[in-house]
Amino acid sequence: MSEAPIAPTVPDGWSLYGEPLKSRLLLGTARYPSLAVMTEAVAASGAEVLTLGLRRQSPEKLGGGSVWDHIAKLGCRLLPNTAGCHTAREAVTLARMSREIFGTSWIKLEVTGDDYNLQPDPYELIEATRELVKADFKVFAYTTDDLVVCTRLRDLGCEVIMPWGAPIGTGKGVTDPYALETLRARLPDAVLIVDAGLGLPSHAARVLEMGFDGVLLNTAVARADDPVRMAAAFGKAVAAGRLAFEAGAMAESETAQPSTPVVGTPFWQSESG
């Protein structure tokens with residue numbers, strides 16, 4: 001596996017539930033070829049927050065002892081998730097178990113409504129969010145890009161909302177930019193992290209250019225031919241996208257505009273020289 005440098009980050013002082021961070025890339029820990037490759041990819045990405053599945057990610061997978069213990073030693077903030085749950089009751093129960101196991105109130109809340117495209121169930125998600133917020137969990141709610149659902153989650157006290165860019169694992173990128181742009185415009189004070197469906201670093205850069213606070217991804221890195229280099233590429237793309245957003249893009253124009261104005265120049269060079 002080719003070595004790759006740690007990706008640069010933009011230290012602009014963002015935080016999640018009061019936890020200061022530098023990198024705006026959150027990374028999943030499943031589906032890597034080996035624990036060694038996963039470890040290298042995490043380092044190359046610059047990510048400081050790692051997700052781990054409590055139902056889908058068996059501690060014995062990949063061999064060599066507990067995956068959970070290995071992840072805990074990487075020095076990153078753990079974000080357990082409830083992937084694989086289909087009801088609010090299942091998700092809440094798993095979240096409570098997670099808090100006991102890992103000693104964190106952070107939980108990436110996933111409640112699947114359709115097993116074909118893994119679309120979140122908005123009704124069960126909202127109910128689970130209501131219960132977990134009351135129980136002092138720091139909820140990271142994975143949802144679609146539906147404005148009404150995201151607004152309800154915010155109103156319940158969910159500080160981090162994670163709309164998808166496309167169905168999980170598809171690598172299609174942002175399939176409905178209008179919906180995401182609307183979310184960002186209508187929920188300007190919410191922390192919005194695009195989660196799922198991104199496949200290329202350019203997809204991540206685009207999301208950050210749109211003003212989103214970060215991205216979370218797994219498959220795009222874990223299933224790349226070279227996960228370590230791809231992780232580094234995503235880390236750099238996220239940093240570049242955020243820097244571009246802060247810089248402010250030029251306004252689009254319907255007509256061509258010369259980059260070097262000729263009006264007022266002191267002389268013209270004749271064709272004959």
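Excluded from the calculations below are hydrogen atoms, water molecules and symmetry mates; all remaining heavy atoms, backbone and side chain alike, are included.
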Backbone of Glu90 reached by a side-chain donor or acceptor of Thr87 within 3.5 Å: yes
Note, Leu79 side chain near Trp106 side chain (heavy atom, < 4.5 Å): yes
CG-CG distance between Leu21 and Leu26, expressed to the nearest 0.5 angstrom: 7.5 Å
Hydrophobic cluster identity match, Phe212 and Leu147, side-chain contacts under 4.5 Å: yes
Side-chain touch Asn218/Tyr32, heavy atoms, less than 4.5 angstrom: yes
Lys138 and Glu159, any side-chain heavy atoms less than 4.5 Å apart: no
Glu100 and Arg96 ion-paired at < 4.0 Å: no
Thr51 OG1 to Phe140 CZ distance, which is reported to the nearest 0.5 Å: 11.0 Å
Closest approach of Cys76 to Val49 (non-hydrogen atoms, all atoms of both residues): CB-N, 4.5 Å
Leu74 side chain reached by Met38 side chain, heavy atoms, under 4.5 Å: yes
Side-chain touch Val111/Pro120, heavy atoms, less than 4.5 angstrom: no
Flag, side chain of Glu110 to backbone of Thr82, donor-acceptor distance under 3.5 Å: no
Check: Gly211 main-chain N/O paired with Arg184 side-chain donor or acceptor under 3.5 Å: yes
CD on Glu48 to NZ on Lys22, rounded to 0.5 Å: 7.5 Å
Side chain proximity check, Pro163 to Leu180, heavy atoms < 4.5 angstrom: yes
Phe102 with Ile71, same ILVMFWY side-chain cluster at under 4.5 Å: yes
Closest non-hydrogen atom pair between Arg242 and Leu208, with its separation: N-CB, 3.5 Å
Any donor-acceptor N/O pair, Gln119 side chain to Gly113 backbone, under 3.5 Å: no
Side chain to side chain contact (heavy atoms under 4.5 Å, CB included) between Leu16 and Ile193, worked out: CA-CA 11 Å; Leu16 292 173; Ile193 297 175; 4.0 Å; yes
Pairing residues for Arg206 by the side-chain hydrogen bond (donor to acceptor under 3.5 Å, both in side chains) criterion, not counting sequence neighbours: none
In one Ile/Leu/Val/Met/Phe/Trp/Tyr side-chain cluster, 4.5 Å: Leu132, Tyr123: no
pair Arg24-Val215: side-chain heavy atoms closer than 4.5 Å: no
Atom pair CG (Leu243) and NZ (Lys236), whose distance is rounded to the nearest 0.5 Å: 14.5 Å
Any Tyr142 side-chain heavy atom under 4.5 Å of Asn81 side chain: no
Polar side-chain atom of Thr39 near backbone of Leu35 as donor-acceptor pair, under 3.5 Å: yes
Arg152 atom CZ: more than 12 heavy-atom contacts under 6.0 Å: no
Minimum heavy-atom distance between Ser45 and Leu27, given as atom pair plus value: OG-CD2, 3.7 Å
Qualifying residues under salt bridge (Lys or Arg N to Asp or Glu O under 4.0 Å), relative to Glu19, sequence neighbours excluded: Arg77
Rounded distance (nearest 0.5 Å) linking atom CG of Leu216 with atom CG of Leu25: 8.0 Å
His86 and its side-chain hydrogen bond (donor to acceptor under 3.5 Å, both in side chains) partner, picked from Asp115, Asp114, Asp121: Asp115
Leu192 with Val133, same ILVMFWY side-chain cluster at under 4.5 Å: yes
Short side-chain to backbone donor-acceptor contact, Thr143 and Trp164, under 3.5 Å: no
Nearest heavy atoms of Gly171 and His203, plus distance in Å: O-CE1, 3.5 Å
ILVMFWY network linking Tyr17 to Leu50, side-chain heavy atoms under 4.5 angstrom: yes
Lys/Arg-Asp/Glu bridge criterion (N-O < 4.0 Å) met for Asp155, Arg130: no
